[in-house]
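Below is one structure, written out as structure tokens; the observations come after it.
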Amino acid sequence: MANVCPYGRFTHAVVRGIPESFGQRADGGEGVEVDVAKAQRQFGVLTGALRQKVGLQLIEIPADPELPESWRIEDIAVIQGDTALITRPFKQQRRAEAEAVRRVMNELNLTVVEMGVEEGGSGGATLEGSDVLFTGREFFVGISKHTNHRGAEVLADTFRDFAVSTVPVCGGSRLKNVCSMGGPETIIFSNSEGAKKTQRMMEQLTDHHYDVLTVEEDVAANCVYVRSPAKVDYLLHPTVDECPNSIPAFQKLPDYTLLPTACSEASKLRGALSSFCLLINRKLNYS
């Protein structure tokens, strides 16, 4: 498993609009009070940055009010190379979100792999993309209430050219609540005790040395890094209002174009910047 695919080389972003039902739960449980209009504005800024500043081709799936959590499109597929694994979210009510995503993956001529029904019920495999960190060299899969070991096994079986390690999620509801990629060799971690524990476990599981960028606020641990087709390093990160103590850490990144991007409404739902997009490279050889 010596494959290396330098992280961050993307050409397309697939997003899904914010529905009027934003803030409600797919399983009908008690929702969270949010400002839907503000969330939609923040979504517009994010998609505008990806398209106009970073230069990605943007594919937007229309919002569906019957699927209140469908804006979390990151959960619905794990994509590497020309393969898209359609995941199986923990909440059964969210599994209908896959239909529109599957259609776009087919339109992009990706090889679509289905997790399938497995044995069904709570005993089956569950996997959500927000629990998956791909570094370009290997996968880390967070074991959480959303993702189980069987789901990680399906991912490993799908992407056999890469090592797959599992880590318990400590200090966050999903792995990407505590860490994300900040560059081809850099992982951003929150400074929380849970994040530090996750970091130590990941360091024990890998043979590769990654640079670590530690940020003070939990929300700052989730960023979106893209090396654009124009070969510019972009980092979308939460704004100074959301993480004032973490901005100096981002400013230490050499030769990056920093794009502060508000995510306050999604944060109320334990969402993050990466929740909104599936990033894809359809020109696999550009450097």
Fill in the blank from the handout: In short, ring pair (Phe, Tyr, Trp, His ring centres under 6.0 Å) pairs touching residues 176-197 with sequence neighbours left out are none

Handout entry: Check: T214/N191 side-chain N/O donor and acceptor closer than 3.5 Å
Key = no

Exercise for the section: Using the test side-chain hydrogen bond (donor to acceptor under 3.5 Å, both in side chains), find all partners of E66 that sit at least two apart in sequence or belong to another chain. Expected result: none

Exercise for the section: Quick one: list whatever passes salt bridge (Lys or Arg N to Asp or Glu O under 4.0 Å) with E193, sequence neighbours left out. Expected result: K196

Please tabulate, one pair per line, all N/O donor-acceptor pairs under 3.5 Å involving side-chain atoms of residues 53-63, not counting sequence neighbours.
none

Exercise for the section: Give a yes-or-no answer on whether the side chains of S70 and D64 include a donor-acceptor pair shorter than 3.5 Å. Expected result: no

Exercise for the section: Determine whether the side chains of Y210 and T135 contain a donor N or O and an acceptor N or O closer than 3.5 Å. Expected result: yes

Exercise for the section: May I ask you to decide if G194's main-chain N or O and T198's side chain share a donor-acceptor pair within less than 3.5 Å? Expected result: yes

Problem - Check: S274/N222 side-chain N/O donor and acceptor closer than 3.5 Å - result: yes

Exercise for the section: Rounded to the nearest 0.5 Å, what's the gap from CD on Q42 to OG on S267? Could you check? Expected result: 8.0 Å

Handout entry: Intermediate values then yes/no, side chain to side chain contact (heavy atoms under 4.5 Å, CB included), I187 and L133
Key = CA-CA 10 Å; I187 304 179; L133 183 73; 4.3 Å; yes

Exercise for the section: List for me each residue that meets salt bridge (Lys or Arg N to Asp or Glu O under 4.0 Å) alongside D35, sequence neighbours excluded, and say none if there are none. Expected result: none

Exercise for the section: Would you please test F159 and F139 for ring-ring contact (aromatic ring centres under 6.0 Å, His included) and show each step? Expected result: CA-CA 9 Å; F159 301 106; F139 287 93; 5.2 Å; yes

Practice task
Could I get the full list of side-chain hydrogen bond (donor to acceptor under 3.5 Å, both in side chains) partners for H149, not counting sequence neighbours?
Solution key: none

Exercise for the section: State whether the side chain of T261 and the backbone N or O of L46 hold a donor-acceptor pair below 3.5 Å, judged by distance alone. Expected result: no

Handout entry: Value rounded to 0.5 Å, distance of CZ in R200 from CD in E203
Key = 9.0 Å

Exercise for the section: Indicate whether the side chain of E138 and that of S165 have a donor and an acceptor atom separated by less than 3.5 Å. Expected result: no

Practice task
Drop me the distance from Y234's OH to F10's CZ, to the nearest 0.5 angstrom.
Solution key: 15.0 Å

Exercise for the section: Could you state whether F276 and L278 fall into the same hydrophobic cluster, counting links through intermediate Ile, Leu, Val, Met, Phe, Trp or Tyr residues with side-chain heavy atoms under 4.5 angstrom apart? Expected result: no

Practice task
For T87, enumerate each residue passing the side-chain hydrogen bond (donor to acceptor under 3.5 Å, both in side chains) test, keeping only those at least two apart in sequence or located in another chain.
Solution key: none

Problem - Check against ring-ring contact (aromatic ring centres under 6.0 Å, His included), W71 and F43 - result: CA-CA 10 Å; W71 57 274; F43 175 79; 9.3 Å; no

Without placing hydrogens or testing angles, list every side-chain donor-acceptor pair under 3.5 Å for residues 101-116, not counting sequence neighbours.
residue : atom : partner : partner atom : Å
R102    : NE   : E114    : OE2          : 2.5
R102    : NH2  : E114    : OE1          : 3.2
N106    : ND2  : R102    : O            : 3.2

Practice task
Please collect all salt bridge (charged side-chain N to carboxylate O under 4.0 Å, His left out) contacts where either partner lies in residues 233-258, sequence neighbours excluded, each pair once.
Solution key: R227-D233

Exercise for the section: Using only heavy-atom distances, determine whether the side chains of H208 and R137 contain a donor-acceptor pair under 3.5 Å. Expected result: yes

Problem - Nearest-0.5 Å distance that lies between atom OG1 in T126 and atom NZ in K145 - result: 11.0 Å

Handout entry: V78-I76 co-clustered via ILVMFWY side chain contacts under 4.5 Å
Key = no

Problem - R150/E153 ion pair, N-O < 4.0 Å - result: yes

Completion exercise
Applying salt bridge (Lys or Arg N to Asp or Glu O under 4.0 Å) to K268 and not counting sequence neighbours gives E265

Problem - Plane angle bin for F134 and F162 - parallel if under 30°, tilted between 30 and 60°, otherwise perpendicular - result: perpendicular

Practice task
Before accepting this row, confirm whether a basic side-chain N of the pair R174/E128 lies closer than 4.0 Å to the acidic partner's carboxylate O.
Solution key: yes

Practice task
Nearest 0.5 Å please: distance from the OG atom of S192 over to the CD atom of E216.
Solution key: 10.5 Å

Exercise for the section: For the pair T147 (side chain) and S144 (backbone), establish whether a donor and an acceptor sit closer than 3.5 Å, ignoring hydrogens and angles. Expected result: no

Handout entry: Which residues share a side-chain contact (heavy atoms from CB on, under 4.5 Å) with T186, sequence neighbours left out
Key = D211, L213

Problem - Side chain to side chain, I247 and L258, heavy atoms closer than 4.5 Å - result: no

Handout entry: Side chains of L85 and L155 in contact at under 4.5 Å (non-hydrogen atoms)
Key = yes

Exercise for the section: Only counting residues at least two apart or in another chain, list the ones meeting side-chain hydrogen bond (donor to acceptor under 3.5 Å, both in side chains) with D75. Expected result: R94, S130

Practice task
Please determine if E74 and K176 form a salt bridge, counting it only when a charged side-chain N lies under 4.0 Å from a carboxylate O.
Solution key: yes

Problem - Pair Q199, Q204: side-chain N/O donor-acceptor within cut-off below 3.5 Å - result: no

Problem - Donor-acceptor contact present, side-chain T239 to main-chain P260, <3.5 Å - result: no

Handout entry: Parallel, tilted or perpendicular: ring planes of F90 versus H146, cut at 30 and 60 degrees
Key = perpendicular

